[in-house]
Amino acid sequence: MNLSIVVPIYNVESYLEACLSSIEPILSNENVELILVNDGSKDGSEDICYKYIDKISNNKQQTTNNKQQTTNNKQQTTNNKHRTPNIKYIYQDNQGLSEARNTGIKNSNGKYIVFIDSDDFINCQVLLDFLSKDDIDMPDVVFLNAVKYDKGGVSYFGEDYQPEKILNQSKVKVLKGLCRFRKFPGSAWNKIIKRELIIKEKLFFEKGIYSEDVEWSMRLFNAATTFSYLDGCYYYYRQGRKDSITGTVSEKSIKSLLYILEKNAEMEFNRDISSYLYSFLSYEYLVLLFIMTSKNIECDADIKRRAYHLRFMLLKSNKLIYKLIFPIITLLGVDITGRILKAIRGNV
């Protein structure tokens, strides 16, 4: 297996079929395995998975029957042949997104792993392009393009990959290029990752927190040494889900992000990449200040104190605009600065 596709599933019956249908065209490739991890869903997600697996199995049976055709139709049978993919369906008691992904990693056999959230969908042609690449060039991380998807329309995601700043470039130059983005490219699903790197560096997702992708991506960028990029619109990130964790601000989401920032603030990064990693952290720090001003959240004095202390990260970044925000926070505090950021949202 060259590629393992890991799909964590939890109560997504309204979106799961679209997700699986988008993956299906690549499953005729014998170098692909699909790992479906049902994290204790209580809706109809499991039934959808079973029907999907039965559908693929029926394709296999149809292929077997086709082989009984006459010799005159042999060439047509060969051209229309569907290989049965290696599909693993795993059910576990609800443990959260992180553990569902970790289960997928532990049960994978591919040289590379890609994660797909089960309420989103993909253009699998991009993955087919990846599989056609020469094995000689096997980078640690391959970046993929994503767009926001809402009611049939798509919009810009804030990540503008430029091939010339990634392909055949050093780690320092790649991270420097990523710092140009308006947002930190910290999602797990817009990257193909070498499985060997994940296992060697123990790049499993931390359990029990929100924004686990940010925590994981910081460790990934610190550990990876080689990068590549695939062109084409690959990932469709669904918007507008009322029950989506990423779309809901809560006390746990604030405490999780604060924990991630404090954890990384204590890390010793290599000097040549430190300013770039601190730029990624600075972006998330400003996100923290932004969400702390949410109307339904009342942050206590301890959270405000800890957030105020972390402002030093802005000075360690390579972005002037972040450094200029440092004295504003020092003078006005995190509350007022957060409200200012909310007022000028999209310009920072």
Side-chain angles (χ1 to χ4, degrees), residues 143 148 155-162 164-166 169-187 210-211 213-215 217-222 246 249 253-295 297-348:
F143 293 108
K148 295 179 181 179
S155 59
Y156 179 62
F157 202 81
E159 298 172 0
D160 183 20
Y161 294 109
Q162 295 183 7
E164 66 275 11
K165 295 184 181 294
I166 299 175
Q169 298 296 329
S170 67
K171 176 175 181 174
V172 172
K173 289 185 177 180
V174 170
L175 294 182
K176 181 179 180 180
L178 296 181
C179 284
R180 298 179 301 101
F181 294 173
R182 286 180 57 189
K183 65 180 294 294
F184 170 42
S187 300
Y210 292 164
S211 300
D213 284 20
V214 174
E215 192 278 333
S217 291
M218 288 300 301
R219 288 186 286 124
L220 174 68
F221 286 147
N222 197 37
T246 56
V249 177
S253 61
I254 290 175
K255 288 184 176 179
S256 292
L257 188 50
L258 182 59
Y259 159 76
I260 292 167
L261 292 171
E262 289 177 331
K263 177 181 178 179
N264 280 276
E266 296 175 356
M267 290 184 64
E268 291 292 334
F269 300 124
N270 291 334
R271 181 176 297 181
D272 55 347
I273 63 171
S274 177
S275 66
Y276 307 126
L277 295 180
Y278 271 108
S279 288
F280 299 150
L281 290 172
S282 293
Y283 172 84
E284 296 297 336
Y285 175 69
L286 297 184
V287 170
L288 173 67
L289 299 190
F290 181 91
I291 64 176
M292 282 174 59
T293 64
S294 299
K295 293 180 180 179
I297 299 296
E298 182 63 38
C299 295
D300 60 34
D302 181 62
I303 289 178
K304 294 178 182 179
R305 177 189 59 78
R306 290 159 61 192
Y308 181 81
H309 172 72
L310 287 172
R311 74 194 189 285
F312 75 88
M313 292 190 297
L314 300 171
L315 296 178
K316 291 189 174 186
S317 76
N318 75 323
K319 283 192 172 185
L320 178 60
I321 189 171
Y322 291 163
K323 294 179 179 181
L324 293 176
I325 294 175
F326 174 86
I328 298 176
I329 299 173
T330 302
L331 180 64
L332 302 178
V334 294
D335 277 341
I336 296 177
T337 304
R339 288 195 287 271
I340 293 173
L341 292 175
K342 180 163 287 190
I344 59 174
R345 181 180 182 182
N347 294 322
V348 177

[X] side chain to [Y] main-chain N or O, any donor-acceptor pair under 3.5 Å?
| X | Y | result |
| --- | --- | --- |
| Asn264 | Ile260 | yes |
| Ser253 | Val249 | no |
| Ser275 | Asn318 | no |
| Lys171 | Phe221 | yes |

Which atom pair, heavy atoms only, marks the closest approach of [X] to [Y]?
| X | Y | result |
| --- | --- | --- |
| Gly333 | Thr337 | O-OG1, 2.7 Å |
| Leu289 | Ala307 | CD2-CB, 4.4 Å |
| Leu261 | Leu281 | CD2-O, 3.5 Å |
| Phe290 | Lys342 | CE1-CA, 3.4 Å |
| Ser279 | Ser317 | OG-CB, 3.3 Å |

Test log, rule side-chain contact (heavy atoms from CB on, under 4.5 Å), inputs Ile273 and Val172: CA-CA 6 Å; Ile273 63 171; Val172 172; 4.0 Å; yes
Table please: side-chain donor-acceptor pairs of residues 173-180 below 3.5 Å, with sequence neighbours left out.
| residue | atom | partner | partner atom | Å |
| --- | --- | --- | --- | --- |
| Arg180 | NE | Gly177 | O | 3.1 |
| Arg180 | NH2 | Asp160 | O | 3.3 |

Met218 and Leu277: CA distance, side-chain angles, deciding distance, side-chain contact (heavy atoms from CB on, under 4.5 Å) verdict: CA-CA 7 Å; Met218 288 300 301; Leu277 295 180; 3.9 Å; yes
Distance, nearest 0.5 Å, that separates CD1 of Ile291 from CG of Leu286: 11.5 Å
Thr293/Leu341 under side-chain contact (heavy atoms from CB on, under 4.5 Å): CA gap, chis, key distance, verdict: CA-CA 10 Å; Thr293 64; Leu341 292 175; over 6 Å; no
Residues, nucleotides or ligands: over 12 heavy atoms within 6.0 Å of Glu298 CD: no
From CA spacing to verdict: side-chain contact (heavy atoms from CB on, under 4.5 Å), Arg339, Ile336: CA-CA 5 Å; Arg339 288 195 287 271; Ile336 296 177; 3.5 Å; yes
side-chain contact (heavy atoms from CB on, under 4.5 Å) partners for Phe326, two or more places apart: Arg311, Leu314, Leu315, Thr330
Could you pull out all residues at least two apart from [X] that satisfy salt bridge (charged side-chain N to carboxylate O under 4.0 Å, His left out)?
| X | result |
| --- | --- |
| Lys165 | none |
| Asp302 | Arg305, Arg306 |
| Asp272 | none |

Contacts of Tyr308 that satisfy ring-ring contact (aromatic ring centres under 6.0 Å, His included) - sequence neighbours left out: none
From CA spacing to verdict: ring pair (Phe, Tyr, Trp, His ring centres under 6.0 Å), Phe269, Tyr278: CA-CA 9 Å; Phe269 300 124; Tyr278 271 108; 5.6 Å; yes
